[in-house]
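Side chains are part of it too, since the values below use all heavy atoms of this structure and drop only hydrogens, waters and symmetry mates.
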Amino acid sequence: MAEILAIKPAATEGPVVTRLDKGILRLTLSNPPANALSLSVMAALMEELDRAKADKSVRVIILAAAGKVFCAGHDLKEMTARRADADRGKAFFEETFSACAALMQAIVRHPRPVIAEVDGLATAAGAQLVASCDLAIASHEATFCTPGVNIGLFCSTPMVALSRNVSRKHAMEMLLTGETIDAATAKEFGLVNRIVPREYLNQIVAKYAQTIAAKSSLVVKTGKEAFYAQAEMGLADAYAYTGRVMVENMLARDAEEGIGAFIGKRKPQWSDD
């Protein structure tokens with residue numbers, strides 16, 4: 001099955017455009033003009049993430065966007081139209097926020113690292129999307145905000161991802177003021193890893209992806225899973241858990257190979273198990 005998925009032709013149209021090259025899967029939001037997270041866009045992203053989970057040839061995922069807006073969050077026009085429903089849209093709103101929560105958790109729990117390539121505005125659930133990724137590289141032109149408070153809808157679900165990436169004071173600053181921050185401030189807050197000139201953004205993100213793709217996928221998967229699991233634990237439980245993880249990791253063939261290669265001063269040959 002993995003072999004079939006690996007040669008699946010890239011999707012060149014639709015709300016999410018895909019391209020797989022040398023183990024790096026590029027998912028590009030293509031829902032102009034705002035790349036809003038409508039139900040159909042979120043479903044398309046989930047489909048691609050699920051596909052990548054089953055495809056062993058995928059080693060790293062890049063999440064990018066076409067156009068001047070990275071992601072403007074939920075599709076407010078789509079949601080407002082459902083106020084005409086008999087329940088004033090309640091069932092649709094529940095479905096939308098549930099789908100979004102599932103998508104964000106799918107990124108965090110995905111066995112492959114996910115890198116956000118941000119060029120343009122990431123607002124509300126769009127900022128949530130960036131915060132949910134493992135790494136985020138932004139251009140100097142990228143901006144971020146959680147402006148729900150300005151329109152009577154506090155960004156409560158984006159707050160979950162935001163507060164797990166930046167300090168509480170910085171998160172509350174964004175949430176309470178609704179003001180837009182520039183890329184430099186986002187880096188200062190800890191929302192993004194690096195800021196680069198727009199013309200080099202794709203190149204630098206690709207370099208990050210290539211560096212990670214060269215590692216043992218088993219070790220990367222083990223580390224990512226352990227990172228998020230221990231973050232939710234108390235100190236003693238975290239050490240007990242990660243100690244067990246390291247024992248299992250030491251017993252893996254790739255650890256034996258990697259340590260042997262280091263001692264023998266040669267390049268390791270990963271078996272990914």
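Listed by first and then second residue, the salt bridge (Lys or Arg N to Asp or Glu O under 4.0 Å) pairs that reach into residues 57-67 are R59-D272, sequence neighbours excluded.
Atom CZ of residue F93 and atom CZ of residue R83 lie 4.5 Å apart, to the nearest 0.5 angstrom. A distance of 5.5 Å separates CD1 in I115 from CD1 in I62, rounded to the nearest 0.5 Å. For the atom pair OG of S271 and CG of D254, the computed distance is 4.0 Å after rounding to the nearest 0.5 Å.
The backbone N or O of I24 sits nowhere less than 3.5 Å from a side-chain atom of D21 that would complete a donor-acceptor pair. In this structure a side-chain-to-backbone donor-acceptor pair under 3.5 Å is missing from R198 to E141. Here the side chain of N165 pairs no donor or acceptor atom with the backbone of L191 at under 3.5 angstrom. The backbone N or O of Q269 lies less than 3.5 Å from a partner atom in the side chain of E257, making a donor-acceptor pair.
Atom CZ of R266 is surrounded by more than 12 heavy atoms from other residues, nucleotides or ligands within 6.0 Å. Open room surrounds CZ on F227; 12 or fewer heavy atoms of other groups in view lie less than 6.0 Å from it. Atom CE of M172 has 12 or fewer heavy atoms from other residues, nucleotides or ligands within 6.0 Å. For K224, the NZ atom sits in a packed shell: over 12 heavy atoms of surrounding residues, nucleotides or ligands are nearer than 6.0 Å.
The aromatic rings of F97 and H74 sit perpendicular to each other, their planes meeting at more than 60°, with 30° as the lower class boundary.
Contact check for L29 versus C71: side-chain heavy atoms found under the 4.5 Å cut-off.
Side-chain atoms of S40 and S38 form a donor-acceptor pair, as typed in the model, at a separation below 3.5 Å.
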